[in-house]
Amino acid sequence: MKSVYPSLHGLPAETKGGVYALVDCNNFYASCERVFNPKLEGKPVVVLSNNDGCVVARSNEAKAYGIKIGTPIFQCEDLVKNQKVYLFSSNYALYGDMSRRVMDILTQFTPEIEIYSIDEAFLSLKGFHYLNLTEYAGHIKNTVKKWTGIPVSIGIGETKTLAKIAHKLSKRKPEYDGVFNIIDHPEIDQLLASIEVNDIWGIGGQYTKFLNKHNINNALQLRNARDKWVEKHLTSVGLRTVLELRGIPCIPLEETIPAKKGIMSSRSFGKPVEKLTELKEAVATYISIGAEKLRKQKSAASVVHVFLATDFFKEEPKYFNFSTFRLPTATASTTDLIGYAHKSLEKIFRKGYQYKRAGVMLTGIVPENQIQYNLFEPKPLNRRRETLTKVIDKINLELGTDTIQYAAEGINKPWRMRQAKRTKRFTTKWDEIPLVKG
DNA sequence: TCTGGGGTCCTAGGACCC
DNA sequence: TCTGGGGTCCTAGGACCC
């Protein structure tokens, strides 16, 4: 029998009924800060973006004050002062390590897991039907909390999109206790009708505007929309979302982490930068970060992009430019990549501007064992340099990031981003481990 | 004073080839 | 009168995610 649904990019659309659980860490960054400072329990906690600029995470108490994600923190000055909000710079060394611990625990509950982001994972629970799934999820939740101190909430559905919706519902009533299973729910239509389209995974601001204009305001209405119409206006991606709302899995679990196709590294500066020498240090630092990621996934890049920008928000003369350099041969060597990036930077640098931000992007990424060597270029990475790079990577992995740096990255780094309120890297730096007794 | 930093996929259109 | 058409590759832009 032919399926009534189109096969999307080779996905078997007719296989109905997966069992997916979405495990999401509650207010992850704020929760990480709390694990190492229990006094913060019950207090409003806010974690800031790089350069201490915007709000990127809040505890429930901070949410209750109406502090929104993405708002520049200086706009909340009064709240911060009067309500005693605890502010933190983001501490990715800590959050990354806590994330790994949470994911390690989740792996023990199912063989099929996709680590979706730093604070979320999809688990396939197909074949676990002999269990009460809600109870099982409750057990997962309690174990993570007990072993790491991180609170999570869990949604269960027949597709990843429905699991996301179930997760949203898990927070709706205290009696759900952070777990909601939407599979075979007798009131599924009412539940879907209570979810705004904007809250559906895959429907963002533009699509929301468009759908609302056509009187599609909630998940139930979108689920019932005509396939052809959806595909025409929301492309095949939107159609997948609609099919998922109907319980037909179209977005498979991705258990292996695919190699990145582009690696970006950029930061705003702590203060404006004018000098080429300082920009060169910054660019070298970003290349070093990018190249390390490149080597970690065992690949090499053949295109280097460098960009440079003045402050977007200020009245001062504005300048933005980027330059793309195609390498004769793909490489993952920090030294080589810094050389190319510096040449690009010199090309776009203009004197007399107050620069606020620079960055690099590495693309044209190929696996390291598939590098095409150029007939007219010498093999760029000699044996000794390759060994040296490996040793540096190993030392930095074992003793902490930046134990060894390239001289081109600079020593004092006056342009470095602000991180005035960063807590210690409790779990990844030997000299920052918490002491039980001082 | 002060406004983040990463990624993915899809589509349309142009260049080029036969 | 009628002025091919299919395929691939690349890029830019737009949507989305955390």
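From a predicted model like this one, the values you see are computed outputs, not experimental measurements. In what follows, every chain begins at residue 1, and chains take the letters A, B, ... in the order their sequences are listed.
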With respect to the phosphate group of [N], does any side-chain polar atom (N or O) of [X] fall under 4.0 Å of OP1 or OP2?
X       : N       : answer
S49(A)  : dT3(B)  : no
S266(A) : dG6(B)  : yes
K260(A) : dG6(B)  : no
K271(A) : dC2(B)  : no
S236(A) : dT11(B) : yes
K314(A) : dT1(B)  : no
R357(A) : dG4(B)  : no
K209(A) : dA15(C) : no

Looking at [Y] and [X], is any side-chain nitrogen of the basic one under 4.0 Å from a carboxylate oxygen of the acidic one?
X       : Y       : answer
D52(A)  : K421(A) : no
R223(A) : D189(A) : yes
D199(A) : K164(A) : no
E409(A) : K413(A) : yes
E346(A) : K343(A) : no
K351(A) : E274(A) : no

Of all the nucleotides listed ([options]), which has the minimum atom distance to the side chain of [X]?
X       : options                  : answer
E120(A) : dC18(C), dG6(B), dG4(B)  : dC18(C)
S268(A) : dG4(B), dG7(B), dC18(C)  : dG4(B)
W201(A) : dC10(B), dG6(B), dC17(C) : dC17(C)
M264(A) : dG6(B), dC18(C), dA15(C) : dG6(B)
R267(A) : dG6(B), dC9(B), dA15(C)  : dG6(B)
R418(A) : dT3(B), dC16(C), dG4(B)  : dT3(B)
N50(A)  : dC10(B), dG5(B), dG6(B)  : dG5(B)

Base, sugar-phosphate or nothing for [X]? Non-hydrogen atoms, less than 4.0 Å.
X       : result
D119(A) : sugar-phosphate
G205(A) : sugar-phosphate
S265(A) : sugar-phosphate
I118(A) : nothing

- Message: Heavy-atom nearest nucleotide on DNA chain B for F313(A) versus G262(A): which residue maps closer to 5'?
- Response: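 Final value for this comparison: F313(A).
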
- Message: Here's a test of your reading of the structure: between E77(A) and Y92(A), which maps to the more 5' nucleotide of DNA chain B?
- Response: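 Here E77(A) is the residue nearer the 5' end.
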
- Message: Is it true that K347(A) and N321(A) share a donor-acceptor pair across their side chains at a distance under 3.5 Å?
- Response: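 No, K347(A) and N321(A) have no side-chain donor paired with an acceptor closer than 3.5 Å.
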
- Task: Answer with yes or no whether the side chains of N91(A) and T423(A) bring together a donor and an acceptor at under 3.5 Å.
- Result: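 Checked: T423(A)/N91(A) side chains pair up, N/O donor to acceptor below 3.5 Å.
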
Quickly work out the [X] [atom1] to [N] [atom2] distance and round it to whole Å.
X       : N       : atom1 : atom2 : value
K293(A) : dG5(B)  : NZ    : C1'   : 9 Å
H305(A) : dA12(C) : NE2   : P     : 10 Å
Q419(A) : dC2(B)  : CD    : C1'   : 16 Å
I200(A) : dC17(C) : CD1   : P     : 10 Å
F269(A) : dT3(B)  : CZ    : P     : 13 Å
L211(A) : dC16(C) : CG    : C1'   : 13 Å
I263(A) : dG7(B)  : CD1   : P     : 7 Å
E231(A) : dC9(B)  : CD    : C1'   : 15 Å

- Going by heavy atoms closer than 4.0 Å, what residues in residues 57-75 of chain A are next to DNA chain B?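 Nucleic-acid contacts, sorted: P72(A), F74(A).
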
- Could you summarise the pairing of DNA chain B as dot-bracket text, marking Watson-Crick and G-U pairs under 3.5 Å with ( ) or [ ] inside the strand and | across strands? ....||||||||||||||

- If we only count heavy atoms from C-beta on, is the E244(A) to K160(A) side-chain gap below 4.5 Å?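 They are in side-chain contact.
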
- Parallel, tilted or perpendicular: which describes the rings of F307(A) and F320(A), with under 30° parallel and over 60° perpendicular?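 F307(A) and F320(A): tilted rings.
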
- Is the ring of Y116(A) stacked on the base of dC18(C), with centres less than 5.5 Å apart and planes under 30° off?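 Y116(A) ring does not meet the centre or angle cut-off for dC18(C); no stack.
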
- Query: Between F180(A) and H185(A), is the gap from one ring center to the other below 6.0 Å?
  - Reply: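 Yes, the ring of F180(A) comes within the 6.0 Å limit of the ring of H185(A), centre to centre.
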
- Message: So that I know where these two stand, are Y207(A) and W201(A) an aromatic pair - ring centroids less than 6.0 Å apart?
- Response: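 Y207(A) vs W201(A): aromatic centres not under 6.0 Å.
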
- Between dC17(B) and dG4(C), how far apart are the C1' atoms? Round to whole Å, please.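 Rounded to whole Å, the distance is 14 Å.
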
